[in-house]
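Only one structure is covered here, and it is reproduced in the block below.
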Amino acid sequence: MSRGEAPGTGELPITERLTEGVRTALANAGLPEPETCVWEVPRQAEHGDYATNVAMTLARAARRPPRQVAELIVKHFPSLREVERLDVAGPGFLNVFLSPAWCTGALGEILEVGDAYGRGEGERGRRVRLEFVSANPTGPLVIVSARAAAVGDSLARLLRAQGAQVTTEYYVNDAGTQFEALARSFEARVAQEFGEPAALPENGYPGEYLIELARAYREEGRARPVGAPERERLEHFGRYAVSRILEQQRRILRDYGVEFDVWTSEQRDVRDRHLPEKVLEELAARKLTYEHEGALWFRSSELGEEAGDDKDRVLRRSTGEATYFAVDVAYHHYVKFQSADRVINLFGPDHHGYVPRMKAAMRALGHPPDAFEVLIVQLVTLLRDGQPVRMSKRRGEFVLMEELLEEVGRDAARFTFLTRRHDSPLEFDLALATRQSAENPVYYVQYARARIESIYKQAAEQGIVVPPLGDIDLSPLREGEELAIIKRLLQYPDVAKAAARALEPHRVAYFLQELAGIFHPYYKSHRVIQDDRRLMFARLALCTGVGRVIRNGLELLGVSAPESM
RNA sequence: GCGCCCGUAGCUCAGUUGGAUAGAGCGUCGGACUUCGAAUCCGAAGGUCGCAGGUUCGAUCCCUGCCGGGCGCACCA
């Protein structure tokens, strides 16, 4: 049942057509309509290509046994060219068997849609603000940032592919105590560079990179603000260090394939615009603040069960200075929500205790509960030959994102991060990853695409002229494996859509592995290039479809799909 | 002590809003290159889904308790 989709975006995913069929059948049978109709791909072939439990969920409302509901659906199901047969099975499952002829025809549609295959409209009209990485500009990026960057960037791609308007953002904490600690540390390093005795401050940053930065500073012949007031000196050294460190971070991220639409400065875009003061007034006007012992508190514990925090939080210290929390609330309310109706943040696990107060604040300021989402990207435990590599910025020892990329490569790193759920901790063995890089699943997927290109190259060398894809007769595709591959390709739009909805890129990664996992054996046991021209062209078309979906899928993950490896 | 996340094959992890006989990769063992790329393929072994209850037609999934691991509980960020 087409709804007149815009050209180039393809037909509705197969499951949506089946759902339409079920709704029609229920209406014809005079039964109540379900809110949703969930389709799953059964593990066993005898259970069909798709199955739904809708009859079971509807049994109560229909006041009939599940199997009877299922039988009524079958009886009143409209005749769709997609469907060959409907079965009622087990306690009341509805099993759908797709029509082989329709499937091979659908391959033609996939080829026609091309790089738009798998795109959808589910998120059309939504403006999403997506923030990730946002590491403090106090040092180089480490491994967790690589994970967050992979997840965040892929989420942006997934949401955009579903029609959302996404702004990716890197928030720079270039103010506050950490900024000050950086400035003091750097000032000390510069002094040392000029041969003066200077000690790092108590909570300073001891890493090598500040020494290198100090050398660069001296070589540039900068005028040191010796004797200037402390505030000026810290501003001078802090700004210099932050801008250089950010430059480096941005370069590494770009090499990783991640570019941000917006780099927001806490100082310039929030504090200098006096947004914290403004938001305190707004919260006060809503009677959500109170004074206690000279500080201003937010009644975060009184905002209802779901939105509430376990205690109230300080917004303005007794010194008169706004807390990090207050600045963050202002930043979200005035900056992020000004240009978006959905705000998604990726945080590290050390910030998860921070989430309830932020949610409480967003809700207090009138944003719908689900408009503000936080995804916790769990830690990466780094191992080298089974031994944990401890990471601590304070102690100045860590494994850098740069080193990771050198050792295992961009594609392998991204794919590895994206084959895990973002909220599950991940163990990454560097030595193992390097040694096994040839067997890494990412190459398995990429190889399938490269192989397909290779077939075309081979065909060209033999002087075979392949007709335009649209002119190829696909009906010779009769093998079970061929049909299975096409059916898998047909699942792709549902996978892409579900991954975007659930904010789970790993679904795409697993799908691609499975697709490659049925393509490689097929390639091994069936010749593409052969004397039977009709069959050869049909198989070439099938290969093109596989390559197309692999490319589209890897694109969503930000992983390359080279023509040859 | 309180809160959040996590316990699935030797290891690293999937398991689609509760579905039918729990999967993949790596590792191990045994096979396959004179034919489109062997970064591949074929086969085998490997499980009390942490433990114990509960909810129902049905639980790896939901609820309760316990055990084990991670993280958080600032007028830090």
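Chain letters run A, B, ... following the sequence lines, proteins first, then strands; residues in each count from 1.
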Inset, instruction - Could you verify whether a donor N or O on one side chain and an acceptor N or O on the other, from A:Ser301 and A:Asp309, lie under 3.5 Å apart? - result: no
Inset, instruction - Measure from the side chain of A:Arg420, starting at C-beta and using heavy atoms only, and say which of B:rA14, B:rG19, B:rC71 lies closest. - result: B:rA14
Legend entry - Which nucleotide in B:rA24, B:rU40, B:rG23 has an atom nearest any side-chain atom of A:Tyr447: B:rU40
Legend entry - N or O in side chain of A:Arg451 less than 4.0 angstrom from B:rA38 OP1/OP2: yes
Inset, instruction - Using only side-chain N and O atoms of A:Arg421, determine if any of them is under 4.0 Å from OP1 or OP2 of B:rG15. - result: yes
Inset, instruction - Mind checking A:His506 for me? I need base, sugar-phosphate or nothing, with any heavy atom below 4.0 Å counting as a touch. - result: sugar-phosphate
Inset, instruction - Quick one: sort the A:Phe325 and A:Tyr354 rings into parallel, tilted or perpendicular, breaks at 30° and 60°. - result: perpendicular
Legend entry - Under 5.5 Å and under 30°: A:His47 stacked on B:rA20: yes
Inset, instruction - Would you indicate what A:Gln44 reaches in the nucleic acid, counting non-hydrogen atoms under 4.0 angstrom: base, sugar-phosphate, or nothing? - result: base
Inset, instruction - Indicate, with a heavy-atom threshold strictly under 4.0 Å, whether A:Ala51 touches base, sugar-phosphate, or nothing. - result: base
Inset, instruction - Select base, sugar-phosphate, or nothing to describe what A:Ser424 touches, counting heavy atoms under 4.0 Å on all strands. - result: sugar-phosphate
Inset, instruction - Could you tell me the separation between the OH atom of A:Tyr510 and the P atom of B:rG15, rounded to a whole number of Å? - result: 7 Å
Inset, instruction - For B:rC75 versus B:rC67, give the span between their C1' atoms, rounded off to a whole number of Å. - result: 39 Å
Inset, instruction - Could you please name the option among B:rA20, B:rC5, B:rG37 that lies closest to any side-chain atom of A:Gln458? - result: B:rG37
Inset, instruction - Ignoring backbone atoms, establish whether A:Arg43 has a side-chain N or O less than 4.0 Å from OP1 or OP2 of B:rA20. - result: yes
Legend entry - Nearest-nucleotide pick for A:Ile529, side chain only, options being B:rC36, B:rA77, B:rU16: B:rC36
Inset, instruction - Select base, sugar-phosphate, or nothing to describe what A:Phe428 touches, counting heavy atoms under 4.0 Å on all strands. - result: nothing
Inset, instruction - Taking only the side-chain heavy atoms of A:His352 (C-beta and beyond), determine which of B:rG70, B:rA77, B:rC75 contains the nearest atom. - result: B:rG70
Inset, instruction - Measure from CZ on A:Phe415 to P on B:rA14 and round the result to the nearest Å. - result: 13 Å
Legend entry - Minimum-distance nucleotide (side-chain atoms of A:Asn53 versus B:rC41, B:rG19, B:rC36): B:rG19
Inset, instruction - Indicate yes or no for a side-chain donor-acceptor contact from A:Arg147 to the backbone of A:Leu379 under 3.5 Å, with no hydrogens or angles considered. - result: yes
Inset, instruction - Taking only the side-chain heavy atoms of A:Val528 (C-beta and beyond), determine which of B:rA14, B:rC36, B:rA20 contains the nearest atom. - result: B:rC36
Inset, instruction - Please tell me which of the listed nucleotides, B:rA77, B:rG15, B:rG37, lies nearest to the side chain of A:Glu504? - result: B:rG15
Inset, instruction - Hey, can you tell me if A:His506 and A:Tyr510 have their rings parallel, tilted or perpendicular (30° and 60° cut-offs)? - result: perpendicular
Inset, instruction - Using a 4.0 Å heavy-atom cut-off across all strands, classify A:Val41 as base, sugar-phosphate, or nothing. - result: base
Legend entry - Closest to the A:Leu426 side chain, choosing from B:rC13, B:rG37, B:rG72: B:rC13
Inset, instruction - Select base, sugar-phosphate, or nothing to describe what A:Asn95 touches, counting heavy atoms under 4.0 Å on all strands. - result: base
Legend entry - Phosphate OP1/OP2 of B:rC41: any A:Tyr444 side-chain N/O under 4.0 Å: yes
Inset, instruction - Could you tell me whether the side chains of A:Tyr170 and A:Gln249 share a donor-acceptor contact shorter than 3.5 Å? - result: yes
